[in-house]
Every structure is written in structure tokens, then in C-alpha cells.
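Worksheet for the structure shown next.
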Amino acid sequence: MDRMPAWADVVLVPLISVLLAAAISAIAIVLIGENPWEAFKIMVEGALMRSSGWGYTLYYATNFIFTGLAVSVAFHARLFNIGGEGQAVLGSLGVTLACLFIPWPHWTLAIIGSSVAAAAFGALWILIPAYLQAKRGSHIVITTIMFNFIAAALINYLLVNHLRPMGSMEPASAVFPAATHLPSFHDMFSFLGPKMFRGSPANVSFFLAVIASIGVWLLIWHTKLGYAIRSLGFSESGAKYAGISPVKIMIIALLISGGLSGLMGVNATQGEAERLILNSAEGAGFIGIAVALMGRNHPLGVFLASILFGFLYQGGAELAMWTSIPRELIVVIQALVILFTGALDNLVRWPLESLFVALRKKES
Amino acid sequence: MTDIAPAIELKGISKAFGPVQANKDISIRVMPGTIHGIIGENGAGKSTLMSILYGFYKADAGEIWVDGRKADITDSQAAIAAGIGMVFQHFKLVENFSVVENVILGAEDGAFLRPSVSKARKTLKQLAEEYEMHVDPDALIEHLSVGHQQRVEILKALYREANILILDEPTGVLTPAEADHLFRILDNLRKEGKTIILITHKLREIMEITDTVSVMRRGQMTATVKTAETSPEELAELMVGRKVLLRVDKQPPTPGEVILSVKDLHVTDDKGVERVKGISFDIRAGEILGIAGVAGNGQSELMNVLGGIMEASGQITMMGAPLPLSGKGSDGFARRQANIGHVPEDRQREGLIMEFTAWENTVFGYHLDPQWQKGPLMDNKAIRAEAAAKMDRFDVRPPDPDLKAKNFSGGNQQKVVLAREIERNPDLLLVGQPTRGVDIGAIEFIHQEIVRLRDAGKAILLVSVELDEIMSLSDRIAVMFDGKIMGERLPAQTNERELGLLMAGISGEPGKEDWKAVEESLAAVEQEEASQNG
């Protein structure tokens, strides 16, 4: 019998973890001589009380949803893909090539083309690590992180030597043609008011992320492929017994994972930057790990955790703007959230479990 | 009746884990110089009780008296001080230490090892002579056979001057010959006045060696009787709470055409060791072929090849059609399409995904079947309905398809696997260790289902290390030793002794019942195996 009701496992544990992280962050803020309550108010106001704040929060969240889903899918096969950063960068390259070299008549077609390119490039970037893991047993953690560096170097080379427009001194590609520009939330929701989401980067890719979340949910729990992936994740010997090829399923799961990371490029590169820049993934590949951890590898959990981290990103930027709290403290707060929701999970879980067991005993 | 104080007396012991009452008001008196059996199904609370006695758990209520004095056993140190020694089911030995090093581990005196080692060496020699327990004190544990490792565990306890020995399921890992030797050792210990508590679920062992037997059921002590005054049937009834059929009730077989034909099968494992060395046999429709043998003599590999888990060379034909043994078409999926069902030896690692719910496990291995698809998705609703129906037919308890496999008892897990494989109506069913870790009530049911499938004209290949099971279930018995089939016998024309010899690799008629020779050859084989593995 499970020791806790499901809702406590899914809602209560992360909520208490976040509150604990917030409490310790507050102490850190007091220690540097600022008012934690004021800081919290600035974060909430900047990230959640204005539509433009939401525009940023959701933009960041979109990135994290893609990379978080990527980590989750691999994790269901018990594989730890920490190369989301590199796969996202390659996905951005795919988006760039699709947008620059194919004359799209309209953004609706462009987003389909760029999504396919982003997913294909992301998947391609994990193909070698996936093959090495499945066939040779080279650990996926080692190879994917190496490929992050290779991706960064590759993009650097391509930007400087091939994609940089003539005469430009900046390591960035040309700006994409107007027909590929994705509608931002401001474009889409201005009928609600002229100031709606003004100046914020959230764009139509957010809905792509929502679709991806639903797709992953269907894939993992409602298809035979998802069944095979989860079987392999729980027991390789069991998978072999059931006639599931571990090599094949490992590679497929990782390709899907890489493809999801790559899709982040649609949001960051086509939706926001509208050209390929250095470091286009902005560390979202690594935040994806935290998001997947906190979301317990469930798409809904990943979605909610992504919004939380989007809030932390945007709130952190506001803090740096309006207070003397250094930008680095935001990293501390984010780290504390990761620490409590991921690494120190049992700190909250065990007391809660015994509480529920005690309650149940009292009832009976 | 006597004025001798009991060696162990438990008074009103209770212990609960959360809502589960593992032990409920248990009282028991174990007289000195006797062997006291404790018998009960899995999960009856035997191990919990012994863990309390050995100081691993603290009882919620109750008292422990040792030699007529109230003892406060808070940890295993206190238990050892009170003269209690424990031999666990899973040995707690340091594999790359020698025997003598293991024996003194935790009982060294002084800062230097040398005096302890020489003292231990002397004591070991004495003990070995006294109780017929010879072990090379300098041999590394990893090179010893399982039987010898167990001997080291007993020696460890005796070295700590234990007067009371608790053995938890000691014969689970032993061959019949090794088990016999263990019982001789226990008998010697009893003669020397030691007290022994033997925990087991095997009725035969209880009848053979114990003086008194206590039966546990669902956390309670249901009876304590003198062994001489009871019968296996009565004990089984006390354990399960209802009448149990101990023998398999079956008609003589009516074999039909050959279903599976195996010719010159060779299997090499991924370490490059040849595990199956050219075996050939046929199985006909409507018969059960039992493969007997000590674990590790190639039976598992044979099953894995037939089930599509391992590759091999040789020839296999299923109802006249050849089955590929390597590459494409040799995986578990292809075998299922050839209508071979497979109840694997290890249901927790292979047969089930423990983290899956019962309904998800209902289609494990058959999840690609179009029957369970609805467009691009799986028809989870239909699968769940099927699971509920199967669980009902096979009396799986609790009948909740949403419960995870890990939350069922061993017997009910096995029923989930059997239901899945048998209800597909396979032409050939591979069954490995069908009743390992399964309680008596479920064993009866599982055996009946296997016989029912045979009577429906299907071929069955049974692999089991339980000789009793092989003898009572099979229509034909093949004995495997060192990757080869040593011989085939009909159950009515053989006995455990003859099969035991075959299992030890002795195929000719022995001059007399020379058990020592059997044992030695067996130990040699296992040592060779251990060094191959190492």
C-alpha cells in the first residue's frame, strides 16, 4: 500500500519544499541587509501582476517545458539526458536554416517547417550518444555533456565563418524574413487591450509546448511505445523477457528526448531572437533537469514546475533591476528550490509519510 | 511438568508495522536441547518474530526470557551476549575474506589480529571435529559452495558461544544432499545440548528433524504440537486455515504429437562460458516434462533460449516449423507469436514490472497485440477490464487491477503471471520455478492450473529446483547437470535418491548409497562454477 495519498505526493511535497526554499532564501536576503518581504513583493509584482511580466514568465516557461519534457521522456527509460543544452542549440540551428533558406509564405507554414527542423536537429545531436549508450554501454551522462561543448563550438564556428551576414561584426546570423516571424502574445491578445503583453517575448510557441506536453502524456501512458519505454526503464531483464529490444527502445526514447530539446529553438530563436545568436539556449537545457525532477517526470508536473521556474527567472530579473540584491542571489534562490525539491525530497517526504500513517492509524 | 527452564520463552510478543499487525500476542516455550520448528506461510510473521528475538526490531509489547531470566534484547550484540546466534537466509559473509577472517569478524580480541586468528583456528578445528563441520579455514568465501558458506555462518555463531541457534529457511539454497548433511549437523548440535529454532515453510523438513513445531498464521501462533504426534496434512491445514491437497491430483498423461523438438542445443552466456552443452529432447502434446537439477546447471539458459531471451545454436522446431535461435525472429515477441507461453523463473525481475499496476502487467509481452490497440493508442479500458476478469478467474487477492505488482504477495504475483500466460492458450508453456516463494494455498492452485493446461492437450516444460515439485507434477523427468541431460526417468520408476545422484552428475549405478562421494563431486562442481563466475 502506498504510504501517502497521491495528491499529497504530487502537490503537498513540492509545495512544502518550495516554501522551505523560500524561507531559507528569506534568511539569505536578511543577511545581506534587504527586506525579504519587499523582495518577494517585487518578484510577484514583476512576474505575475502585470501582463508583460506574465509574458516573460511564460516565455521562459516555454523553454523549460521543452527541455523538461526531454529529460522526462529519457528518464522513463532510466536514461539521464543532460545534453538538453546542446540539443536545444542544434535545434536553434535547424530553425535558423529552415527560416533563412526556405521562402515561407506565412508563419503558420514556417512554424511547421521550423519545428520539424528543430526536432530533427535536436534528435540528430543525441544520435551518437544514444548509439554509444545502447550498443556500447558508454554512459549517456558523459557523452551528452561532452556533446554540449561540441555543440557550442560548432555553433560558434558556423556563426563566425558561415552564417554571419557580410559586414557584420557580431557572431549572429541574419535576421529571419518577416514571413517567419511568429505572432507574440501581444499580437494575439491585443484585442483585450492595447497594453496586453506589450514588449514581452511570449509567443505562439507556448501553445506548441502545451501540445508537446499533451503529446508526451499520450506517448508515455497511452501508446505501446510508451509502454515499452516504461518497461525498459523499470526493468531491462523484464523488457527482454517481453520481447522488447532494449537497444531499439533506448535509441528511440533518446531521439524523442533530443527532438523535444531541439523544439526549444522554435521559441527562443524563431519566436524571440528572430536570428541565431551565441548561447541561444540560455542554460534552459540544465533548468530542464530541475524541472523534470520537480515535476516527477509527469508532463503536468513539468508544466507547473516550468511556470515556477519562469517566475523565478523573471522575478529575479526584476529584483536585480529594482533592488541592490545582486543577480547572483537569484541563482541562490533557484538552487535552493532545486535542492529542496530534488535532492532533499525525503526531508519533506519522510515526516509527511509518517504523519499520514499516524493519521490513518488513528482513524482505524 | 519439568523444572527445567525453557531456553527461550516469549510472552505475549506483539509488533505492528503501520496498520499491519505482523505479530500478535505470541507466546512460545522452546526447551533446551531440542529442535523447535516454526512453520507458516510467507508473511505469516515468522521472520519478524525472529528479528525481535535477535534484537533487530523492538516488540511493541511482550517479554523475552532466556534460560529462565528476563532478557532485554535491544540489539544483536545483546542477543549474542545472551547466547543467541542467527543464521540468515541470505548469508552475511564477506566474500573476499577467508573463513577464519569471517568467523572472527566483530569478535576480535585486542588490537592485533594474529592472536585472534590462531585462537579461532584452534576453535574451528575443535568445532569441526565435534559437529562434523569441516571447512578449510583459509579458503575464501567466494570459492566455497553454498552449503559450505552456510556452515561458516553456523560456525560463526558457535564461535560466539551461542547455545541457541536460529536458522531462517536454511535449506532454500541447498541441494538435497547438502540439506541432509545440514540436518546431520543440527542433530549433532542437539545431542550436545544446543537449542535450535528452525524457520521453514517446508513440511518435510519439519517432520524429519524437529521435536516440537509451532505454526504461525497471519501474525498469530495457531498451535504448538509435538512433531511425533502430528502429520503433514494437519500442519498444512493449520498453516493455511483450510484443508490442503498436498499431492498433485492428476490422471495419467495421454501424450499426442510432438510439439517441441530440441536438437543439439548449445548456449554460451555473455561471459563466454558454455552453459548448455548439446542437449536434445522432445515434448509432446498433453505431457509435462520436468527438468530437475541444482540451480546453475543450464536450466535457466535453456528456458531463456526457448523464451527468446538468449541466443543459441542448434535446432528447435515448434510443431514442425523451425524457430530461429539468433538474430531476427528469435526474441520474446516472435516466441509469443509462435504460441509459446513463458512463466519465467524470476517473476520479479522478468515476469512482471513491479512498478506497473496489475492491469498493465496483464498485457506484458503481448502489448503489441492488435487486440489491445485503439487507433494509435492502447486500449487501456479494455486491458483493465480483461485484467479484472483474469484476476477474478485466478482468484488474485486483492482483486484490484489498479494495485501495483509489488504490493501483491508472491503467490498472487505468480497468479497474475500465470493468468496472463495460460489464458493465451499456448501450445507450449515454459514454466520456471512456479512456486518459489509462494505459499501452500497458492501452490495447490498453481499446480492444478498447470495440470489443467496439460489435460487440454498442451505441452509443458517445467523447470524447478524443488525435487518434490518435479516428482509430483512431471510426466517425464530429465535431469540436467553441467549443461547436459544426465538421464530421463519416469516419476513412478525413480526416487529422490536416484535423481539426487543424477543431479550430482553421477549417471551410473553407485555401488551403495555413498553420499560422501556425491557431496564431494557436488562441492567440486560448485567450486569450479564459483571460480568461473569470479
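Values in this document were obtained by computation on a predicted structure and should not be read as measured data. We use all heavy atoms of the structure for the numbers below, so side chains are in, but hydrogens, waters and symmetry mates are not. Naming convention: chains lettered A, B, ... in sequence-line order (proteins, then strands); numbering from 1 in each chain.
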Any chance [atom1] of [X] has more than 12 other-residue heavy atoms, nucleotides or ligands included, within less than 6.0 Å?
X       : atom1 : answer
K240(A) : NZ    : no
M354(B) : CE    : yes
L377(B) : CG    : yes

Quiz: residues 427-435 of chain B side-chain donor-acceptor pairs under 3.5 angstrom, not counting sequence neighbours:
from	atom 1	to	atom 2	distance (Å)
D427(B)	OD2	N339(B)	ND2	3.1
Q433(B)	OE1	V465(B)	N	3.0
Q433(B)	NE2	E345(B)	OE2	3.0
T435(B)	OG1	E469(B)	OE1	3.3
T435(B)	OG1	E469(B)	OE2	2.6

Under 4.5 Å, counting heavy-atom pairs only, tell me which of I309(B), D379(B), D346(B) racks up the most with chain A. I309(B)
Portion of [X] that has a non-hydrogen atom of chain A nearer than 4.5 angstrom:
X       : answer
R335(B) : neither
I353(B) : side chain
R347(B) : neither

Looking only at heavy atoms, what is the nearest atom pair of R230(A) and E360(B), with distance? NH1-OE2, 2.7 Å
How far apart are the closest heavy atoms of S235(A) and R349(B), and which atoms are they? OG-O, 2.9 Å
If you check every heavy atom in residues 366-376 of chain B against those of chain A, which residues fall under 4.5 Å? H367(B), L368(B), Q373(B), P376(B)
Taking side chain as everything from C-beta outward and backbone as N, CA, C, O, which of these in L219(A) sits under 4.5 Å from a heavy atom of chain B? Side chain, backbone, both or neither. neither
Side chain, backbone, both or neither: which part of A239(A) has a heavy atom under 4.5 Å from chain B? backbone
Between the main-chain N or O of G307(B) and the side-chain N or O of Y241(A), is there a donor-acceptor pair closer than 3.5 Å? no
For S231(A) and F356(B), what are the C-alpha separation, side-chain angles and deciding distance, and is it a side chain to side chain contact (heavy atoms under 4.5 Å, CB included)? CA-CA 8 Å; S231(A) 302; F356(B) 274 8; 3.5 Å; yes
